[in-house]
Protein chains: 2
Amino acid sequence: MLNYPTGKPGKTGEQTLIRNPNLSKSRLGTSFEQALNESNQYYLQHNIAIIHKKPTPVQVVKVDFPSRNKARIVEAYYKIPSTTDYNGIYRGQYIDFEAKSCYAPSFPFSHLFRHQIEHLRNVAKMGGIAFLLIEFINKQEVYLLAIDKLICCYEESLSGGRKSIPYAYFKEHGILIKPAYAPRIPYLEAVDQAFFPK
Amino acid sequence: MLNYPTGKPGKTGEQTLIRNPNLSKSRLGTSFEQALNESNQYYLQHNIAIIHKKPTPVQVVKVDFPSRNKARIVEAYYKIPSTTDYNGIYRGQYIDFEAKSCYAPSFPFSHLFRHQIEHLRNVAKMGGIAFLLIEFINKQEVYLLAIDKLICCYEESLSGGRKSIPYAYFKEHGILIKPAYAPRIPYLEAVDQAFFPK
């Protein structure tokens with residue numbers, strides 16, 4: 001989930017703004033999300049994959065009905081997502097991933113919820129394709145990191161190790177996704193490379 | 001999506017209430033949804049499948065920040081879902097379905113959006129498992145109807161045929177799911193029967 005509006009995993013925007021005053025807040029995450037959504041649209045239209053972003057979960061508290069057919073939500077709160085943001089089907093297989101933006105020199109684990117990592121691990125156990133897509137904004141680079149490469153760092157972090165994954169680790173163990181015209185982020189090529197080796 | 005609050009597919013509640021004054025509105029759909037969510041929880045905990053309901057899509061218009069870490073949505077509207085409500089992975093395969101409640105003698109196509117049917121058809125084309133789960137409230141019965149059995153009726157309806165699927169059609173072409181203690185709606189048994197014939 002990108003630009004989560006409350007709680008720890010959502011503070012990216014503010015923190016990074018402070019460090020990089022030249023970047024507008026709207027650049028943080030949303031344009032990556034937009035590029036991903038356009039890429040998914042491309043994959044859908046070309047019958048390559050069916051992958052959608054899940055809606056942001058909202059707890060609705062109060063709804064007004066200004067007219068019989070109209071419902072206006074007047075009090076609601078963002079909820080913690082129970083899974084990841086993106087899932088669908090590719091090459092006949094279940095695919096599931098989380099997309100995040102951050103700044104080098106590292107991707108902090110605080111941008112992910114523990115249950116999201118557990119979810120991705122369970123997906124992989126069941127035979128699905130599970131990974132992270134990480135945008136390093138200041139490097140203008142996007143990496144795919146397969147869940148098994150994530151898990152080892154994550155377990156280290158739980159037992160007192162560093163609480164983030166260095167950019168160098170992505171360079172070594174991730175797959176760089178070069179931006180393109182269409183789809184804008186051709187991440188399924190990286191999926192092919194990581195999960196369907198020739 | 002169950003009990004959609006605006007537009008045509010959401011009027012189920014009201015229409016059925018009029019026809020069946022003995023049933024409380026909360027019974028319509030939500031308890032079916034609750035039973036499905038509990039079943040999915042059971043399947044998850046027993047490592048049988050990872051299937052989640054997608055959040056209801058909401059268009060957020062205005063957010064207040066009563067404090068730095070708190071975001072309160074004060075204006076938002078329900079959006080039309082772009083896909084179906086449930087998806088995930090089962091037996092290593094992508095699974096995708098829509099769940100609806102209705103009353104016999106028939107299930108009206110107006111409870112589904114056309115793009116949801118297209119979505120299910122595309123999922124099946126890509127090798128995924130795609131179906132409907134229909135609760136007939138007055139019969140206290142739930143049926144699984146595979147997408148191919150749905151499509152033929154649907155295409156007839158588009159070319160002037162009847163705008164609903166008769167209950168008898170579900171009895172003949174669907175699979176009856178008997179309620180149980182845990183999971184409450186053991187629909188994956190019906191999935192086995194429909195999609196993994198021995």
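In this text, all values refer to a predicted model and were calculated from it rather than measured experimentally. Because only heavy atoms are used, hydrogens play no part in the values below, and waters and symmetry mates are left out as well, while side chains stay in. Per chain, numbering begins at 1; letters A, B, ... match sequence-line order.
The distance from the NZ atom of B/K125 to the CD1 atom of A/I50 is 9.5 Å, given to the nearest 0.5 Å. Atom CD1 of B/I95 and atom CD1 of A/I89 lie 11.0 Å apart (nearest 0.5 Å). Taking CG from A/N87 and CG from B/N87, the interatomic distance works out to 4.0 Å, rounded to the nearest 0.5 Å. Here the CE atom belonging to A/M126 is positioned 8.0 Å from the CD1 atom belonging to B/I48, to the nearest 0.5 angstrom.
Closest approach of B/Y77 to A/A71, counting heavy atoms only: CD2-O, 3.5 Å. Nearest heavy atoms, B/P57 versus A/P55: CA-CB, 3.7 Å.
B/V74 is not connected to B/V63 by any chain of hydrophobic side-chain contacts under 4.5 Å among Ile, Leu, Val, Met, Phe, Trp and Tyr, and they are in different clusters. Neither A/L44 nor A/L36 shares a network with the other; the hydrophobic side chains, linked directly or stepwise wherever heavy atoms of I, L, V, M, F, W or Y lie under 4.5 Å apart, form separate groups for each. Following chains of ILVMFWY side-chain contacts shorter than 4.5 Å, one can reach B/L188 starting from B/F196, so the two form part of one hydrophobic cluster. A/V61 and B/I73 sit in two unconnected hydrophobic clusters of ILVMFWY residues. Membership requires side-chain heavy atoms under 4.5 Å apart, directly or through other members.
For chain B, the option among A/A76, A/G127, A/G88 with the highest count of heavy-atom pairs below 4.5 Å is A/A76.
Of the atoms belonging to A/V123, heavy atoms from both backbone and side chain fall under 4.5 Å from chain B. Proximity to chain B is absent for every atom of A/I129, based on heavy atoms less than 4.5 angstrom apart.
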Practice problem: List the steps, then state whether side chain to side chain contact (heavy atoms under 4.5 Å, CB included) holds for A/Y94 with B/Q93. | Solution: CA-CA 6 Å; A/Y94 178 70; B/Q93 296 216 31; over 6 Å; no
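Ring geometry for A/H52 versus B/H119: interplanar angle over 60°, hence perpendicular rather than tilted (30 to 60°).
The environment of CD in A/E189 is sparse: at most 12 heavy-atom neighbours from other residues, nucleotides or ligands sit within 6.0 Å.
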